[in-house]
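In what follows, a structure is listed as structure tokens, so that the remarks can point back to it.
This is a predicted model, so every value here is computed, not measured.
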Amino acid sequence: MSLAILVGVLFGLATVAAVLARFVARKLDLFSYQSTFLAGMIFFYYGPMVLIPLTPEFRSVYQSDGSGWTTLAIAVVIFISVYLFFGRLGSSAAWFGRLLPKLDGPVNQPALLTVIATTAASGLFFFGVSFTPGAVGLLDVFLLTLIPNFMSFALGLAVVLLVRQPRNPAWWALAGALFVVGAVVSMSISTDRRFLMGVLLVIPWALYYAWLRYRPAGPTLIVGGLGVFATMTVVLAYTNLRHNIEFQGDVVGNRLAQVQQMISRSPFTQENFTAVFAQDTPLMTLYYIENVPDAVAYQPLHGLIFFFTNPIPRVLWPDKPLAMGIQMMQEVNAPSNLGTGIIGHGWVEAGWLGVLYYAAFFGFLMCAIDRTIRERAGNPYFIILMGCSMANILALPRGETALFLVLNLYGLVAVAGVTWLTFKLFAPLLRSAGEFNFGPPPETDPADEPDRPDEDDADDVSRLQTDPAPLQDQTSGRLG
């Protein structure tokens with residue numbers, strides 16, 4: 001157990017230091033899939049590996065006998081080492097970008113407003129017409145994955161307009177309205193914090209790629225830190241009411257009333273901090289380390305099978321594989337779904353070999369996506385698309401990893417599809433105004449400028465966009 005504490009402390013501090021150092025050296029974007037995944041490792045593994053052994057009163061549905069702590073510590077070291085090695089391979093995988101939608105479209109006010117309208121309307125349509133809050137049918141679960149993505153995407157594009165013209169009250173009103181609606185809708189479809197966090201996190205993500213990415217490291221860290229702090233404050237406040245949420249009657253009206261109660265109570269309580277930060281992911285991983293294969297059988301390639309069979313209705317395949325968290329919930333008689341941990345997923349599939357291939361796959365995937373993001377940093381549609389579901393990326397280390405990948409894929413395809421259709425249907429309107437460069441706002445008052453930047457602005461933008469060149473030349477898979 002002492003080794004687990006040591007690993008948690010050292011790897012937690014080393015990860016923070018390495019990410020900040022690489023960001024300051026402009027070798028890693030502060031907001032990226034790589035940094036978000038590593039933040040999830042701190043949140044769900046490193047921190048709890050220190051907290052749980054040092055807190056005897058910590059209780060979970062599974063109480064370890066203590067035999068697996070050393071194995072877990074070694075598994076974490078091996079996992080992150082393999083993850084970083086394959087991250088370097090992902091950073092050089094130029095071909096990977098061809099697997100992601102380009103979403104090339106005109107970048108101007110008419111185009112952004114039209115896409116905001118169609119995607120927000122899609123999310124509200126699915127919520128108001130097709131989705132039944134509290135239901136668990138296949139269609140309901142499918143829509144559950146789409147609605148927050150649509151709302152986050154629309155909000156992210158509104159932030160792009162706001163950064164472009166920060167003195168325009170219309171953009172403040174638009175972004176504020178989309179934030180309120182997106183937050184209420186996300187809280188109305190599920191008690192899961194990830195849906196609300198998806199709406200919250202898209203704001204600093206959009207601010208970063210529209211503005212902060214091209215600013216000095218100090219101000220970027222301050223503004224980015226404030227954004228993350230604000231997000232965590234809302235999540236802590238939401239913890240006050242999420243277990244009292246019901247999905248009957250007027251769910252929106254009930255949620256608004258509960259939000260008023262939430263605002264009146266302090267979010268910074270010991271109970272809320274424990275609920276948010278005292279994650280039991282290491283214990284869930286220990287369940288498999290200490291019980292596989294003697295009491296629990298191996299399930300080879302379960303994550304891969306679950307990913308590809310998820311769209312099949314259970315009514316057509318009653319024995320379709322269950323999510324690993326559901327299986328554990330049934331085995332330990334827990335009241336709700338459990339997060340088995342990304343290392344736990346690998347262990348129950350193939351022991352040490354499973355830990356290795358989970359680390360290799362996600363190391364490659366996170367950094368390959370980041371490479372494509374850097375290559376398309378001037379495309380707001382693609383950038384916001386990739387950032388509208390970051391809560392699922394943050395939660396990957398917790399598990400259910402295959403399910404979170406499914407949620408991301410469904411959301412990405414749906415939002416990209418509606419955006420592409422908008423480009424096709426409204427092409428003449430969308431190209432009716434001159435385009436502007438996506439990036440830092442012009443030095444002059446943008447409210448007084450035409451949509452097309454003048455020559456000086458274009459030169460400034462070009463110069464600023466060449467500053468972070470090391471991000472394109474260096475691998476983001478190696479930290480330190």
Side-chain angles (χ1 to χ4, degrees), residues 1-22 28 33-60 62-88 273-274 276-292 328 338-364 366-367 393-399 401 476-480:
M1 191 174 295
S2 59
L3 179 60
I5 296 174
L6 179 63
V7 168
V9 171
L10 292 180
F11 275 63
L13 294 176
T15 299
V16 172
V19 168
L20 291 178
R22 288 181 61 80
L28 177 69
Y33 275 60
Q34 169 83 313
S35 59
T36 303
F37 182 92
L38 293 175
M41 288 296 296
I42 294 174
F43 191 79
F44 293 106
Y45 269 106
Y46 304 152
M49 284 171 65
V50 177
L51 176 65
I52 293 174
L54 295 180
T55 312
E57 64 272 18
F58 188 92
R59 291 291 179 266
S60 178
Y62 177 71
Q63 293 299 313
S64 167
D65 60 14
S67 63
W69 279 104
T70 298
T71 302
L72 173 62
I74 297 172
V76 166
V77 173
I78 292 175
F79 177 91
I80 203 64
S81 300
V82 174
Y83 171 92
L84 294 175
F85 176 81
F86 277 85
R88 299 186 66 179
F273 276 108
T274 300
V276 173
F277 295 106
Q279 299 291 327
D280 58 359
T281 303
L283 288 175
M284 300 300 99
T285 300
L286 285 175
Y287 171 79
Y288 287 126
I289 290 176
E290 295 173 353
N291 291 282
V292 174
M328 180 186 286
L338 299 172
T340 60
I342 193 169
I343 295 175
H345 279 283
W347 194 274
V348 75
E349 289 188 19
W352 290 108
L353 178 60
V355 173
L356 292 176
Y357 64 66
Y358 262 80
F361 174 77
F362 282 97
F364 180 90
M366 296 297 101
C367 292
I393 303 302
L394 180 70
L396 280 173
R398 176 192 180 271
T401 55
S476 62
R478 175 174 56 83
L479 296 184

Rounded to the nearest 0.5 Å, what separates atom [atom1] in [X] from atom [atom2] in [Y]?
X: His345; Y: Arg398; atom1: NE2; atom2: CZ; value: 9.0 Å
X: Leu394; Y: Ile42; atom1: CG; atom2: CD1; value: 10.0 Å
X: Tyr33; Y: Leu38; atom1: OH; atom2: CG; value: 14.5 Å
X: Ser67; Y: Leu72; atom1: OG; atom2: CG; value: 11.0 Å

Would a 4.5 Å heavy-atom cut-off, applied to side chains only, mark [X] and [Y] as touching?
X: Tyr46; Y: Ile80; value: yes
X: Trp347; Y: Thr340; value: no
X: Met366; Y: Leu396; value: yes

Side chain to side chain contact (heavy atoms under 4.5 Å, CB included) for Thr15 and Met41? Distances and angles first, verdict last.
CA-CA 9 Å; Thr15 299; Met41 288 296 296; over 6 Å; no
Strictly by modelled atom types, are Glu349 and Tyr288 linked by a side-chain donor-acceptor pair under 3.5 Å?
no
Identify the heavy atoms of [X] and [Y] that sit nearest to each other, and give their distance.
X: Thr285; Y: Gly341; answer: OG1-CA, 3.8 Å
X: Val19; Y: Ser35; answer: CG1-CB, 4.3 Å
X: Gly66; Y: Ser64; answer: N-OG, 2.9 Å
X: Pro48; Y: Pro53; answer: O-CD, 3.8 Å
X: Thr281; Y: Pro397; answer: CG2-O, 4.0 Å
X: Ile5; Y: Val50; answer: O-CG2, 3.7 Å

Under 3.5 Å: donor-acceptor pair, side chain of Thr70, backbone of Ala4:
no
Show your working on side chain to side chain contact (heavy atoms under 4.5 Å, CB included) between Leu84 and Gln34 and close with a plain yes or no.
CA-CA 10 Å; Leu84 294 175; Gln34 169 83 313; 4.2 Å; yes
For the residue pair Tyr287 and Tyr62, categorise the inter-ring angle as parallel (less than 30°), tilted (30 to 60°) or perpendicular (more than 60°).
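Rings of Tyr287 and Tyr62: perpendicular, as their planes differ by over 60°.
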Please confirm whether the ring centroid of Tyr45 lies under 6.0 Å from the ring centroid of Phe11.
no
Kindly determine whether Phe361 and Thr401 satisfy side chain to side chain contact (heavy atoms under 4.5 Å, CB included), including the steps that lead there.
CA-CA 12 Å; Phe361 174 77; Thr401 55; over 6 Å; no
For Trp69, run the side chain to side chain contact (heavy atoms under 4.5 Å, CB included) check against Leu3, Val7, Ile52, Ile74 and tell me which one passes.
Ile52
